[in-house]
Amino acid sequence: MALEKVLIVEDSPTEALLARLLLEREGYQVSLASDGKEGLVKAAEEKPDLIILDTIMPRMSGYEAYHKLRVDPRTADIPVLMLLTDTEATDTPHRLGHGADTYIAKPYAPPLLLAGVKEVTRTASLDGGNHSEGESQPAEEMQWYREELEKATREAEAAKRAKSEFLSTMSHELRTPLYEILGMTDLALDTELTAEQRAYLTTAKTSTNALLAIISDILEFAELEGGQLTLVAEDFDLWLAVEKTVEIMAPHAQEKGLKLSYHIAPEVPKGLVGDPVRLRQALTNLIGNAIRFTEQGEVAVGVEEVLSAPTQKEAGEGVKLHFHVRDTGIGIPADKQEMIFETFRQADGSTTRQYGSIGLGLAMAKKLVELMDGRIWVESEVGQGSTFHFTVRLGCQEKTAQDTIKAARPAALEQPLQLRILVAEDSPTNQLIARANLTKVGHTVQVVENGQKAIEAWEKEDFDLILMDISMPKMDGLEATRIIREKEKQAGRHIPIVAMTAFALKEYREKSLAAGMDAYVSKPVSAEELHRTIEPFLRRADLGGLPEPPRPQPPVDLNEALEVVDGDVDLLEAVTGVSLTECPEHIAVLQEALARQDAPGVEAAAHRLKGVLGNIGGLTAREVAQRLETMGEEGNFDGGQVVLAELEAEIERVAAFYSDPGWKQTVAES
Amino acid sequence: MSRQARILIVDDDKPTVMIISSVLQKQGYEVHTAYDGQAGLEKAREIKPDLIILDIMMPIMDGYQVCRRLQSDPDTARIAVLMLTAKGGIDEDVKRNYEFATRVKDRLQGFDSGAVDFLTKPVKAKDVALRVKSLLWASGFPV
């Protein structure tokens with residue numbers, strides 16, 4: 001081979017052109033591709049004698065490209081020379097596996113590249129001309145591959161359709177006799193029975209119900225999968241929908257000795273437009289799943305509104321709600337967390353046996369949530385339990401939407417982290433417990449012994465939250481709550497009131513919510529439960545918005561920051577000092593630009609901040625700044641103030657991190 | 001060995017300038033700085049650096065504009081340029097930068113003058129050192 005063709009796949013233009021120059025001088029014919037995808041296409045088209053492949057490229061890494069080259073019969077035999085960074089060079093031979101041709105580390109001296117190229121081409125021709133075979137691959141064979149591939153795709157699609165149809169038919173067929181079994185069991189249970197007979201029949205009924213539920217799941221799923229399911233848009237009471245869902249699931253939790261609680265943030269509107277049946281179904285699936293995988297402890301459901309700019313609501317965009325279901329169950333290993341939402345992978349094969357029936361429930365919840373313009377995700381740690389989150393977008397019923405904005409928004413943003421709590425409770429023991437638990441974590445507590453005094457205290461002083469016992473002498477908690485809510489109507493405010501009930505009875509819960517309470521805990525109130533119940537009130541204070549993708553824990557990625565300065569701690573300290581001093585200035589510019597709705601101004605200021613924060617490892621803050629930059633770029637400022645507040649909070653966290661000299665200690669230790 | 005390479009950093013972001021100049025000084029380069037496009041252009045004409053590190057997004061005159069002016073002036077056309085980009089859509093940018101760099105080079109016909117390369121922010125010390133080294137080599141400076 002006198003003149004050889006070389007394809008260089010490299011994202012850095014300088015590196016690419018440098019290599020081209022070197023090789024052209026030696027008489028090679030060179031073409032370039034700027035990323036892995038383009039490289040694959042060119043490799044198949046041009047059939048080069050050698051491919052030089054960079055490893056770190058956007059979109060498709062060199063490793064991925066390498067494996068793709070090897071799979072495609074058109075390129076499988078073309079020798080590849082990998083360009084590695086020095087850190088990769090040590091472990092790469094393993095990653096390439098067999099069939100690795102050769103690699104050189106960057107930056108390389110020119111003779112090294114030429115030597116590498118010569119060696120690879122020589123080895124390839126010594127291999128008995130494998131490569132020239134690849135080049136002269138008959139067109140018929142290519143055609144055969146293509147046809148096989150198309151055939152396989154068609155077959156897979158047909159099989160999927162058939163599967164859905166089959167499942168749908170089967171489920172209908174199965175349900176009819178099951179309903180008969182259930183009906184007959186119910187009739188039998190109504191007759192006179194011995195205790196033993198009753199126990200047998202009850203078990204039969206429970207099992208039948210369970211079977212029915214599974215079959216319903218399958219049917220629903222088949223409908224979803226077949227795209228036959230459409231959502232309705234009707235007026236419904238969201239609070240009621242959540243409450244009913246929890247109520248229906250409560251017996252299942254009780255059977256396992258689990259506590260099932262829920263909390264709806266007060267700013268969440270009651271009257272909404274959407275498909276309550278499908279929403280409840282998604283929620284039911286998640287609660288059911290949580291109960292199934294929790295042996296002890298509790299399952300807690302929460303609903304909050306994702307704050308967005310009022311303009312968005314007026315534009316008829318509706319509200320975005322964030323649901324979460326937390327359990328104290330077995331947890332899910334990190335590598336399975338993505339998979340559990342997948343559809344047919346769960347519905348067939350070994351994963352079904354591994355995960356039991358959750359496969360369908362979660363996959364279905366995912367489909368439903370996506371139909372409602374939301375997304376679903378999970379945070380979990382093995383042994384620590386899981387929290388499933390999902391968001392949905394629902395329509396607003398005209399008037400209620402307006403009310404909610406007015407009532408909830410400003411209060412939510414201004415709440416301090418440490419709350420001033422009024423406790424209304426007549427039992428001295430419970431008073432003591434509540435006071436101790438709350439003051440321990442920094443809240444200020446005032447205790448009164450009946451509803452009447454609670455109202456007086458509430459009128460005289462400013463509180464962030466009231467914990468209200470239901471049954472008290474003189475005036476009970478329900479009455480007191482009703483009066484407070486009535487008085488609030490004139491002032492247009494809403495103080496969160498949490499009921500403390502002695503009995504977790506359904507009617508008490510209903511009564512307390514009907515009286516205008518926001519949540520309830522059952523007595524005796526454990527410290528943990530109390531904190532968890534009031535946590536949403538705390539969280540809203542420092543958040544302002546929803547932690548949609550779960551917030552990464554530390555404010556600063558120190559490794560990232562150290563990489564920027566190549567491990568020079570003193571330099572990092574100096575840079576940090578300058579960067580953090582600059583931040584308030586940029587924030588002020590940003591704020592002003594935002595107020596003026598000045599799109600380029602917002603973009604530029606956010607961009608500056610992004611740069612500053614990126615240098616010092618403030619990755620979360622950088623991400624938030626990026627969001628603002630995008631807003632500027634698109635000229636869409638919906639929720640801009642909230643994001644700005646979030647950015648300030650994040651910068652605050654970064655500053656706090658670096659103001660503690662402990663970070664240098666961390667570096668020294670590692 | 002001849003003199004050390006002279007490098008000019010043009011970026012309105014002070015911390016970034018701090019980092020890059022510190023890294024390059026450690027490598028023994030002669031480092032100069034400017035904090036906006038106009039000042040960078042003037043400084044380039046004055047000190048004739050071997051390489052310019054140029055931020056793309058700057059107020060008044062952006063990096064592309066500075067680069068074009070450098071290339072159109074025979075006095076500065078041969079200076080190698082390393083551009084810093086921090087835009088969100090990295091894929092798009094790589095593509096655009098690649099085309100830009102290739103176009104510049106096609107027009108100038110050859111490697112010995114005006115090599116242009118790109119680096120995404122936040123820049124890492126090692127990457128800067130590496131790119132600077134190959135750029136200098138590419139523009140004919142003995143490394």
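Numbers restart at 1 for each chain; the letters A, B, ... are given by sequence-line order, proteins then strands.
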Smallest separation among heavy atoms of E582(A) and D13(B), with atom names: OE1-OD1, 4.4 Å
[Y] and [X], any side-chain heavy atoms less than 4.5 Å apart:
| X | Y | answer |
| --- | --- | --- |
| R608(A) | D12(B) | yes |
| E563(A) | P122(B) | no |
| K610(A) | M57(B) | no |

Pick from V565(A), L572(A), T576(A): which one has the most heavy-atom pairs with chain B under 4.5 Å? V565(A)
Are K26(B) and D566(A) ion-paired here, with the side-chain N under 4.0 Å from a carboxylate O? no
E24(A), CD atom: more than 12 neighbouring heavy atoms under 6.0 Å: yes
At a heavy-atom distance under 4.5 Å, which candidate from V23(B), V123(B), D127(B) has the highest pair count against chain A? V123(B)
K14(B) NZ to N615(A) CG distance, which is reported to the nearest 0.5 Å: 13.5 Å
Roughly how far, to the nearest 0.5 Å, is CD1 of I19(B) from CG of L571(A)? 6.0 Å
